[in-house]
S.K.: 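The structure that follows is given in the form of structure tokens.
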Amino acid sequence: MEGLTIAEAKAIQQLLAKRVRLDDDFPETLSTVCGLDCSYSRRGKDGRMIAGAVLLRFGSWERLESAFVEGETPFPYVPGLLSFRELPLLLEVLRRLERKADLYFVDGAGIAHPRRLGLASHLGVVADIPTIGVAKSRLCGSFDEPASSRGAESPLRDHDETIGTVLRTREAVKPLFVSPGQKVSLESASRLVLACCGRYRLPEPTRQAHRLVTERRVMWKEKGHDATY
DNA sequence: GCGACAG
DNA sequence: ATCTTGTCGC
Ligand SMILES: [Mg+2]
């Protein structure tokens, strides 16, 4: 994963994309869900990053467990190749969670990707877990703006195939770009993301994971450290 | 060749 | 993603 050329990375995606499954393969009644996210150092310019994971009880959003790990940033950000940058540390942080979740929410695209293998799908295939990709903006595909009410949605398409759902999770607020990662159907993906959204735009798992990896910045600042994550 | 482009 | 304060709108 470290010394990969862009061409090699794309070839790997084409191979792994064949292993993506879009049929629901997770408990019908969700008990726990997991949110994952990463943050990067800037001020320290040390090229380091942090991956975080939170395990929540579905519905109450009570935090049952959380974990984070720091490491070297292995790959630059290249649109379409985000997984080669964040996957290594995300896999590591998953190992640090004592329990497994029924479903995983990833900050990024699932199959709504040029080669149908965004970060959520890549993680799902490699770790063999059900995942949903929740992106805050569009990577690829075309769509009609969904109505302004909460729950409004419209298909995200690439030519003749539907690769995701543009979902409005809050009234009059920019919609989310939801797509199946692995072992989750197109319909279940948007339905479950909405089910995890309360007063905020982001689903609870993603929101809490983001808070976890971002609150560290405050911790370091308070300790007088020059590194910002 | 030009513009788009998850985080 | 990160750098940053105030400001506009529901
Ligand atoms: Mg992120």
S.K.: Ignoring hydrogens and angles, state whether a donor on the side chain of A/S185 or A/D24 is under 3.5 Å from an acceptor on the partner side chain.
M.R.: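 Yes.
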S.K.: With sequence neighbours excluded, what pairs up with A/A9 under the side-chain contact (heavy atoms from CB on, under 4.5 Å) test?
M.R.: A/L81, A/F84
S.K.: Does A/E187 come within less than 4.0 Å of A/R191, counting only side-chain N to carboxylate O?
M.R.: no
S.K.: What does the B/S/- profile of nucleotides 2-7 of chain B look like, 5' to 3', with a 4.0 Å heavy-atom cutoff to protein?
M.R.: --SBBB
S.K.: Run the side-chain contact (heavy atoms from CB on, under 4.5 Å) test against A/A112 and tell me which residues pass, sequence neighbours left out.
M.R.: A/L156, A/I163, A/S179
S.K.: Who passes side-chain contact (heavy atoms from CB on, under 4.5 Å) against A/A135, sequence neighbours left out?
M.R.: A/F177
S.K.: Looking at A/R211 and A/D37, is any side-chain nitrogen of the basic one under 4.0 Å from a carboxylate oxygen of the acidic one?
M.R.: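 Answer for the salt bridge query: no.
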S.K.: Base, backbone or nothing for each nucleotide of nucleotides 4-10 of chain C, written B, S, -, heavy atoms under 4.0 angstrom, 5' to 3'?
M.R.: S------
S.K.: Can you tell me if A/Y77 and A/E86 form a side-chain donor-acceptor pair at under 3.5 Å?
M.R.: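 No donor-acceptor contact under 3.5 Å links the two side chains.
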S.K.: For residues A/I129 and A/L119: do they belong to one hydrophobic cluster (side chain heavy atoms under 4.5 Å, members Ile, Leu, Val, Met, Phe, Trp, Tyr)?
M.R.: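 The answer is yes; both residues are in one hydrophobic cluster.
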S.K.: Only one of A/L212, A/V213, A/L123 clears side-chain contact (heavy atoms from CB on, under 4.5 Å) with A/L36; which?
M.R.: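 Checked A/L212, A/V213, A/L123 against A/L36; only one passes side-chain contact (heavy atoms from CB on, under 4.5 Å): A/L123.
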S.K.: Check the distance between C/dA1's C1' and A/R48's CZ and give it to me in whole angstrom.
M.R.: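 My rounded result for the distance is 17 Å.
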S.K.: Given a cutoff of under 4.5 Å between side-chain heavy atoms of I, L, V, M, F, W and Y, with clusters grown through shared members, what are the other residues clustered with A/V173?
M.R.: none
S.K.: Looking at A/T131, A/L87, A/L90, which one forms a side-chain contact (heavy atoms from CB on, under 4.5 Å) with A/H122?
M.R.: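 Checked A/T131, A/L87, A/L90 against A/H122; only one passes side-chain contact (heavy atoms from CB on, under 4.5 Å): A/L87.
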S.K.: Where does DNA chain B pair, written as one dot-bracket string 5' to 3', with Watson-Crick or G-U pairs under 3.5 Å, ( ) inside the strand, [ ] for crossing pairs and | for another strand?
M.R.: .......
S.K.: Can you run down the side chain to side chain donor-acceptor pair (under 3.5 Å) pairs that involve residues 49-67 of chain A, sequence neighbours left out, and say none if there aren't any?
M.R.: A/R57-A/E62, A/R63-A/Q208, A/E65-A/R99
S.K.: Sequence neighbours left out, what pairs pass side chain to side chain donor-acceptor pair (under 3.5 Å) with at least one residue falling in residues 139-155 of chain A?
M.R.: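 As it turns out, the side chain to side chain donor-acceptor pair (under 3.5 Å) pairs with a partner in residues 139-155 of chain A, which skip direct neighbours, are A/E145-A/R168.
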S.K.: Both distances under 3.5 Å, Watson-Crick or G-U wobble: on that basis, could you give the dot-bracket string for DNA chain C, with [ ] for crossing pairs and | for other-strand partners?
M.R.: ..........
S.K.: Going by the rule side-chain contact (heavy atoms from CB on, under 4.5 Å), which residues pair with A/A11 if we only count those two or more places apart in sequence or in a different chain?
M.R.: none
S.K.: Within residues 187-199 of chain A, which residues have any heavy atom lying less than 4.0 Å from an atom of DNA chain B?
M.R.: none
S.K.: With distance as the sole criterion, is a donor-acceptor pair present between the side chains of A/Q13 and A/R115 under 3.5 Å?
M.R.: yes
